[in-house]
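Report on the following structure.
What's counted below: heavy atoms across the whole structure, side chains too, no hydrogens, waters or symmetry copies.
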Protein chains: 2
Amino acid sequence: MIKENLEKYQIIEDCPVRNVLDRIGDKWSILVISILGELGTLRFNEINSIIGNISQKMLTVTLKTLEADGLVSRKIYPQVPPRVEYTLTELGNSLLPSIATLTQWALKNMSTIKASRERYFKSLSVK
Amino acid sequence: MIKENLEKYQIIEDCPVRNVLDRIGDKWSILVISILGELGTLRFNEINSIIGNISQKMLTVTLKTLEADGLVSRKIYPQVPPRVEYTLTELGNSLLPSIATLTQWALKNMSTIKASRERYFKSLSVK
DNA sequence: CAGTATCCCCTCCGATACTG
DNA sequence: CAGTATCGGAGGGGATACTG
């Protein structure tokens with residue numbers, strides 16, 4: 001019963017969930033995707049302002065990774081000062097429903113989880 | 001247009017996606033949830049064997065976190081040697097569809113993303 | 001404006017050894 | 001069997017300063 005399932009999970013290298021989570025499971029990717037998904041095309045500093053507390057470095061890294069993965073497209077206007085616009089690609093857009101599903105679940109169960117954690121740690125301190 | 005969206009995203013502390021991603025966005029949580037979701041109730045070492053390349057420490061930490069969040073329940077049989085069984089709670093089960101959605105997307109788009117990355121890095125080395 | 005380049009901390013995670 | 005305890009490396013991410 002277990003042995004039959006070994007190979008299914010053991011080959012982590014090509015695990016699809018790992019593959020996607022390694023990319024969007026970081027601190028900022030999903031937030032950036034959500035913002036672009038909702039607001040359309042945005043410039044670097046617009047995204048920066050909307051998020052508010054992201055460092056310039058991490059926004060750069062996040063956008064570069066998303067661009068490399070083909071989730072975000074980057075358009076440069078050759079002018080001074082430069083203007084760079086970011087938009088979700090079709091692939092990026094296709095990820096929105098999955099994120100929405102996750103968001104729904106999170107919104108619905110946040111308080112339950114929070115309560116569970118508090119109960120759990122309280123029970124630990126008693127022991 | 002941007003200003004109205006500021007508060008929606010800027011308060012990261014209570015951002016639901018952050019909240020859920022901070023928990024299941026780690027290296028092993030989703031895998032453990034998937035395995036328990038598919039195989040039902042399992043003992044510590046059974047999960048360990050199925051995954052294969054997880055360290056004992058990380059399996060412990062992962063299961064403890066999932067238990068604290070109320071996603072996994074832990075049942076101890078007071079015997080020697082000990083027997084401990086892990087099962088998804090109702091809350092844990094309710095997360096399965098979201099994970100499935102994400103998995104579907106990952107499976108469907110893995111190759112596209114991989115190709116995109118290769119193209120991207122190849123174009124970098126040219127410059 | 002849209003980034004780079006550094007420095008550095010801190011957490012995640014693995015390896016290893018030990019225990020009730 | 002099902003953990004705990006400890007150490008240490010890798011890298012994610014922030015702060016700051018600089019640039020075309």
Side-chain angles (χ1 to χ4, degrees), chain A residues 2 10 12-13 15 17-18 20-32 35-36 41-69 72-87 120 124 127, chain B residues 2 10 12-13 15 17-19 21-32 35-36 41-69 72-87 120 124 127:
Chain A
I2 287 175
Q10 225 160 22
I12 302 295
E13 321 305 323
C15 170
V17 186
R18 267 266 58 75
V20 73
L21 225 63
D22 280 347
R23 313 220 172 290
I24 65 164
D26 69 323
K27 193 169 180 183
W28 300 109
S29 292
I30 286 199
L31 185 59
V32 169
I35 291 174
L36 286 176
T41 299
L42 292 173
R43 302 178 63 172
F44 185 91
N45 273 349
E46 288 178 332
I47 306 176
N48 199 1
S49 305
I50 293 170
I51 298 183
N53 61 344
I54 188 174
S55 66
Q56 216 169 9
K57 173 190 165 186
M58 285 318 296
L59 183 52
T60 303
V61 171
T62 303
L63 286 170
K64 278 234 179 311
T65 307
L66 293 176
E67 189 197 354
D69 288 351
V72 161
S73 73
R74 181 168 179 270
K75 186 171 183 184
I76 315 163
Y77 296 82
Q79 59 187 45
V80 180
R83 174 190 189 87
V84 182
E85 288 183 348
Y86 293 92
T87 318
Y120 182 83
L124 281 189
K127 285 172 190 171
Chain B
I2 288 176
Q10 225 160 23
I12 303 295
E13 320 306 322
C15 170
V17 186
R18 268 265 61 72
N19 237 288
L21 225 62
D22 280 348
R23 314 221 172 289
I24 64 164
D26 69 322
K27 193 168 179 182
W28 300 110
S29 292
I30 287 199
L31 184 60
V32 170
I35 291 174
L36 286 175
T41 298
L42 292 173
R43 302 178 62 173
F44 186 90
N45 273 349
E46 288 177 332
I47 306 176
N48 199 1
S49 307
I50 293 170
I51 298 184
N53 60 346
I54 187 175
S55 67
Q56 214 168 12
K57 174 189 164 186
M58 284 319 296
L59 183 53
T60 305
V61 171
T62 303
L63 286 169
K64 280 233 179 312
T65 307
L66 292 176
E67 189 196 355
D69 288 350
V72 161
S73 75
R74 181 169 178 270
K75 186 171 182 185
I76 314 162
Y77 295 83
Q79 58 188 43
V80 179
R83 173 188 191 87
V84 182
E85 288 182 348
Y86 294 91
T87 318
Y120 183 83
L124 280 189
K127 289 173 189 169

Problem - Spacing of E46(B) atom CD relative to dG3(D) atom P, expressed in whole Å - result: 13 Å
Practice task
May I ask you to say what Y77(A) touches in the nucleic acid, namely base, sugar-phosphate or nothing, with a heavy-atom cut-off under 4.0 Å?
Solution key: nothing
Practice task
Can you tell me the distance, in whole Å, between the CD1 atom of I51(B) and the P atom of dG14(C)?
Solution key: 10 Å
Practice task
Could you check which of dG3(D), dC1(D), dC1(C) has an atom nearest any side-chain atom of N45(A)?
Solution key: dC1(C)
Practice task
Can you sort out the partners of R43(A) under salt bridge (charged side-chain N to carboxylate O under 4.0 Å, His left out), two or more places apart, ordered by chain and number?
Solution key: none
Exercise for the section: Look at R74(A) and dG3(C) and indicate whether a side-chain polar atom (N or O) is within less than 4.0 Å of OP1 or OP2. Expected result: yes
Problem - Residue-phosphate contact under 4.0 Å: R43(A) side-chain N/O, dA2(C) OP1/OP2 - result: yes
Handout entry: Distance, rounded to the nearest Å, where L59(B) contributes CG and dT4(D) contributes C1'
Key = 14 Å
Problem - Validation row: I50(B), L42(B) side chains within 4.5 angstrom (heavy atoms) - result: yes
Exercise for the section: Could you tell me the separation between the NZ atom of K64(A) and the P atom of dA5(C), rounded to a whole number of Å? Expected result: 11 Å
Exercise for the section: List for me each residue that meets salt bridge (charged side-chain N to carboxylate O under 4.0 Å, His left out) alongside R74(B), sequence neighbours excluded, and say none if there are none. Expected result: none
Exercise for the section: Given side-chain contact (heavy atoms from CB on, under 4.5 Å), test I47(A) with L63(A) step by step and report yes or no. Expected result: CA-CA 10 Å; I47(A) 306 176; L63(A) 286 170; 4.2 Å; yes
Handout entry: Residue pairs involving residues 57-68 of chain B (criterion salt bridge (Lys or Arg N to Asp or Glu O under 4.0 Å); sequence neighbours excluded)
Key = none
Practice task
Starting from Watson-Crick (N1-N3 plus N6-O4 or O6-N4) and G-U wobble pairs under 3.5 Å, report the runs of at least three that DNA chain D belongs to.
Solution key: C:1-20 with D:1-20
Handout entry: Under the side-chain hydrogen bond (donor to acceptor under 3.5 Å, both in side chains) test, residues paired with E85(B) that sit two or more places apart
Key = Y77(B), R83(B)
Exercise for the section: With sequence neighbours left out, write down each residue that passes side-chain hydrogen bond (donor to acceptor under 3.5 Å, both in side chains) with T60(A), or none if nothing qualifies. Expected result: none
Handout entry: Residues forming a side-chain hydrogen bond (donor to acceptor under 3.5 Å, both in side chains) with S73(A), sequence neighbours excluded
Key = none
Exercise for the section: Send over the distance from L63(B) CG to dA2(D) P, rounded to a whole Å. Expected result: 11 Å
Problem - Below 4.0 Å: OP1/OP2 of dC1(D) and any side-chain N or O of Y86(B) - result: no
Fill in the blank from the handout: In 5'-to-3' order, the base (B), backbone-only (S) or no-contact (-) status of each nucleotide in nucleotides 9-20 of chain D, using a 4.0 angstrom heavy-atom cut-off, is ----BBB-B--B
Handout entry: Qualifying residues under side-chain hydrogen bond (donor to acceptor under 3.5 Å, both in side chains), relative to N45(A), sequence neighbours excluded
Key = none
